[in-house]
Amino acid sequence: MEALSKMITSGSLQTEHSCRTASTQWLLQHFDTKAVYLNPSCTDALEMTSLILNLEASSEVIVPSYTYVSTANAFRLRTPKITFADCLEELPVVDLKTIEPLVSRNTKAIVVMHYAGISVDMDPLIQFCQSHGITLIEDAAHAFGARYKLKSLGTLGSLSCFSFHYTKILSCGEGGCLLVNDESLVKIADEVFEKGTNRNAFQQKRVNRYEWLRMGSSFAMSSLQSCVLQEQLKVADKLVSERIMLWNRYMELLAPLQASEYFELPRLKAYHNINGAYFYLVLPQTRMRSDLQIFLSQHGIESAAHYPALHLSPFAKNFHNRTLPNVEKFETCLLRLPIFNGMTLDEQLFVSEKLTVFFKNY
């Protein structure tokens, strides 16, 4: 962050586009994508995708129920027809078999979320969407540096959204970006990003003047955010590698407790190449999770549940009436353990020791 401090004190932040350009170019090259748009947040990136899709009142969008509310809000703002998908029994992600029964002739887009950097099984979904003319969108908020097989998450959907929120591996306080992997959507994305105009084409002298062509908004990341992000991108590989090491160490430390069936650890498959974004346990019942949280807190260890099931929310009850048992299990039984860059072996051993004490005496 020293470089950022120098820029602020020297006044060189007046070069408004330099950090934004550098960050954009890094992401373009790293992900080998068609276009990158830096956004103030991942929420803004998702809302950009909904405008790019040009959703109509009859358009249906399928989204996971186990995700942050922004994933659903972005599309619900444009169409009332949002359908929630259940996740797998063993992992808090969707796949083709949880989504295909929900598809109708009006389905325009399917949104998947790679929870904790654990990828959705993408190949069957890609083939299905291509054969049905459906746009596949990746909510990759947790997924920077993670892969599906050998492919970077964020490069598999037609549109993909990353988060650089302070809770993520790479952070610029808030922040996000949209990757456009489908060449046919780049022109539309440019216009949405330029508040619905063809200003970008005008600046490149491809048109004589710019005009209002479609719905758009102000989706540009601030200069300050982009300068912070640029510094983070310089050490991105190091940050991700460290998190993977911490994640794997947790798996080793907690394997004996899992063998005693006190809880479930993430059950990865051969195609998962995680980034260590979050580490979680799945407890057998809600009461045990609550008791464990209290116990850990008493020993200075921060833990947290994650997402409330969107389909059970007061707002969604107006348009959703199905049970989604796997989502409901993760809502009530999943517990995240602390994991952060700079976490020491002693700190992880302390967490492991306290978990052992809790389960041996529960």
[X] (side chain) donor-acceptor with [Y] (main chain) under 3.5 angstrom:
| X | Y | result |
| --- | --- | --- |
| S297 | I294 | no |
| D44 | E47 | no |
| S222 | Q225 | yes |
| H114 | S119 | no |
| R147 | I274 | no |
| S241 | K238 | no |

- Query: Any Lys/Arg nitrogen of E231 or K234 sitting under 4.0 Å from an Asp/Glu carboxylate oxygen of the other?
  - Reply: yes
- Query: Is the closest basic N to carboxylate O distance between K151 and D123 below 4.0 Å?
  - Reply: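 Yes, K151 and D123 are salt-bridged.
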- Message: Counting the benzene-type ring for Trp, do Y278 and F340 have ring centres under 6.0 Å apart?
- Response: no
- Query: Centres of the F144 and F162 rings: under 6.0 Å?
  - Reply: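 Ring-ring flag for F144/F162: true, centres closer than 6.0 Å.
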- Message: Against H306, only a single residue in Y280, F330, Y115 fulfils ring-ring contact (aromatic ring centres under 6.0 Å, His included); can you say which?
- Response: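 Option passing the ring-ring contact (aromatic ring centres under 6.0 Å, His included) with H306: Y115.
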- Query: Just by distance, with hydrogens left out, do R243 and N341 show a side-chain donor and acceptor under 3.5 Å apart?
  - Reply: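 Note: R243 and N341 side chains meet the donor-acceptor criterion.
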- Please test C19 against C227 for disulfide (SG to SG under 2.5 Å), starting from the C-alpha separation and ending with a verdict. CA-CA 5 Å; C19 292; C227 288; 2.2 Å; yes
- Determine the interplanar angle of the Y362 and F358 rings, folded into 0 to 90°, and report it as parallel if under 30°, tilted if 30 to 60°, perpendicular if over 60°.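 Judged by the thresholds at 30° and 60°, the geometry between Y362 and F358 is tilted.
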- Item | Geometric cation-pi criterion R199 and F193, 6.0 Å radius, 45° cone |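 R199 over F193 ring: no.
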- Message: Which heavy atom of R76 sits nearest to which heavy atom of K81, and what is that distance?
- Response: NH1-N, 4.3 Å
